[in-house]
Every structure is written in structure tokens, then in C-alpha cells.
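First comes the structure, then the notes that go with it.
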Amino acid sequence: MQFPKATVQKIELKSLFDADIELSVLREDLLHPFLSGNKWRKLKYNIEDFKNSKKKIILSFGGKFSNHLVACAAAGKMFQIPMIGILRGEEQVMNPNLEFLNKCGMRTISVSREDYRKRNEESFLDQLYAKCLQEFPDIATHPDDFFIIPEGGSNHAGMKGCMEIMDDVPDNISHICVASGTGTTLAGIAASTKANQEAIGIAVLHGETWMKDSLIQKGAPPDRTSIFFDYHFGGYAKTSSELGKFCLEFSNSTGIPIEPVYTGKLFYAIMDLIAKKHFPQGSKICLLHSGGIFDFNKTF
Ligand SMILES: *Cc1c(COP(=O)(O)O)cnc(C)c1O
């Protein structure tokens, strides 16, 4: 499936008036109500690989508010691929994300946080397959049927899809900035920057300082990739009243909705870095709006 090109929207903010800096937002969030932003980019080649394999079911992983599982469930419905989501944490609380997964036909299994940590271990996967065969005999009939997409779509196929984001970014952009969880999107963007461009990631998790090395291992050019670790506001999905207020004011003044988990931290960080004169005069900065805001009542 091919999406239309994402639009680049210029934004004017009072705080930018004295700085000779141009700011724009790449609206990947508008591409699809659920397969939005970077999550579709990360699924695209995974789904292609699945279709080229002899596997019958996609199995993936995430927390109970995982944007990645939302995208997997939507893709499962659209392309009629049986999907199983392995959820972190055994507590049984329904939320709109989980209702959406069910509505799309995704089957789910909740595992303890301790077990969830073993998700990359062969022997644990064998146990999971056995459980799926038992619980979902209508879709799972053989342990060889399962095609694994790692949490967050953070494999090589995921990165390959993210390399295509730069197709929608004009060549005169000097800095392209993105909120980073696993760093896969940043790696893909950085790997396809031109010589005059820099990719900047804002880490949304606490203590992910290993990320820079892993980005370089994945093929991000070291001299054109940077990542900031001081804007996580306490960790994943943690926020503050200051960040909440920023998101609200930014959304009101630009008409671009942002939220505190990913894009809010990104936009806050870049405004702060502009104020601290991190960017040279004449910079043309593009912020990737990677989605993450859903209206679960939308049909697709
Ligand atoms: C998943 C997600 C990210 C993080 O992407 P990574 O490739 O894991 O770094 C950023 N923004 C939004 C809205 C997301 O859902």
C-alpha cells in the first residue's frame, strides 16, 4: 500500500521572531487515522516480508497503550492478516486502545512484566506459540506459522521503511527532528540524510544513553546524527504540568495537535534548543509529527 506524500506545514510562533530560523512540521500524522506516522513506515517492509514468507500469523509485542499494536491491529484488519498481540502486564484493565485492538480482530495474550522481558528468547517464544495454538485454534495450527515483529517494529525492515520518510522532506531542510523511543525512526531518517542535513532525536525514555551507539550500528552516520537525553520529563509517558501546558498552547496557536508522550516532548525540546541558540542562524528545522493521537471512533 502506498500513502500520499506527507505535507510540510510551516509554523510561525512569536518566540521565533528574533531568531533567523524557519520551522516546519512534516505531517505524517495525517496519513491515516491509525496507520499513522512512523508506525506504518515501520510495518511496511515487515508486512512485505511476512507476505513473502510461508508464515500465517503475525505476532508482536507492546504495552497496553502501545501505538505500535494499534498500527498492527489496523493493518491486520486492512490486509486480512491474523494478528496476535502479546501485552506487557497481567492486570486486566480495559482501555480504548485495547478495545480498538479487539475490534480490529487482533487476539491478545497478557503476560507478566517478568515474562515480557524474555520476549526475545527462543524458549519463551516456543511457550507463547504453544499457548496461542491452545487459545486460538481457529487461526493458529502449527508452531511454524508465526511471524514475529519485535516491539515497536524496531528491526531492520522497520528501519528500511523509515528511510523513506526523507523522500517527503525538502532538500533545503537543515535539521530533521524526531521523538525517539526505540530509535528506529531516527536511525532510518539519519541514514537517508543528505550531506548538508542533520538528524536529531529527542529521547522520550529515561536512561537510554546506549541509543547513540546502537543508532550508529544500524547505519546512522555519526557526524549527522545527534540525540538529546534531557527531555524525557522523568521517563516514558511521564509528564509535568509545564509540558501539559506547552502541548495545549502549541496545539491552540498552530492548530497542530500534539501529546505529551512523544511529539510534545519533541516540540518542547526543539523550542528550548532554539531559545538556547543551539541552532545556527538560517537553520531550516523540520519536526516529524509521528502521530500518536487517535480518535477510536473513526472508521477506516
Ligand atoms: C512509536 C513512536 C515514536 C518512537 O519511534 P521509534 O522508532 O521507536 O523511536 C515516536 N512518535 C510516536 C507518535 C510513536 O508512536
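Both counts, for ligands and for their atoms, begin at 1 and track the order of listing. Residue numbers start at 1 and run along the sequence shown.
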Please verify whether a non-hydrogen atom of [X] lies at under 4.0 Å from ligand 1.
{"X": "G152", "answer": "no"}
{"X": "G37", "answer": "no"}
{"X": "S154", "answer": "no"}
{"X": "K42", "answer": "yes"}

Could you check atom 10 (C) of ligand 1 against the protein and tell me its nearest heavy-atom contact, residue, atom and distance included?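 Ranked first by proximity to atom 10 (C) of ligand 1 is Y262 CD2, 3.3 Å.
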
Is there a side-chain contact (heavy atoms from CB on, under 4.5 Å) between H68 and E151? Walk through the geometry before answering. CA-CA 8 Å; H68 164 68; E151 182 185 59; 5.6 Å; no

If you measure every N/O of [X] against every N/O of ligand 1, is any gap under 3.5 Å?
{"X": "N67", "value": "yes"}
{"X": "G291", "value": "no"}
{"X": "T263", "value": "no"}
{"X": "G181", "value": "yes"}
{"X": "T182", "value": "yes"}

Greater than 12 external heavy atoms within 6.0 Å of E91's CD: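 Counting other residues, nucleotides and ligands, CD of E91 exceeds 12 neighbours.
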
So, does S174 use its side chain to make a donor-acceptor pair with the main chain of K284 at under 3.5 Å?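 Checking the backbone N and O of K284 against the side chain of S174, a donor-acceptor pair under 3.5 Å is found.
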
Contact partition for H68 relative to ligand 1, non-hydrogen atoms under 4.0 Å: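 Neither; nothing of H68 gets under 4.0 Å from ligand 1.
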
Give the contacting part of T184 toward ligand 1: side chain, backbone, both or neither, where contact means a heavy-atom distance below 4.0 Å.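 The answer is both, backbone and side chain.
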
If hydrophobic clusters are built by linking Ile, Leu, Val, Met, Phe, Trp and Tyr wherever their side-chain heavy atoms come under 4.5 Å apart, do L23 and F228 end up in the same one?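 Yes, one cluster joins them.
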
Give the cluster check for F136 versus I148: same hydrophobic cluster or not, with ILVMFWY residues linked at side-chain heavy-atom distances below 4.5 Å.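 Yes, same cluster.
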
Is it possible for you to check whether K238 lies under 6.0 Å from the centre of the six-membered ring of F233, through NZ or CZ, and within 45° of that ring's axis?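 No; the conditions do not both hold, so K238 does not lie above the ring face of F233.
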
Could you state the interatomic distance from CG (D126) to NZ (K131), rounded to the nearest 0.5 Å?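 One gets 15.0 Å once the value is rounded to the nearest 0.5 Å.
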
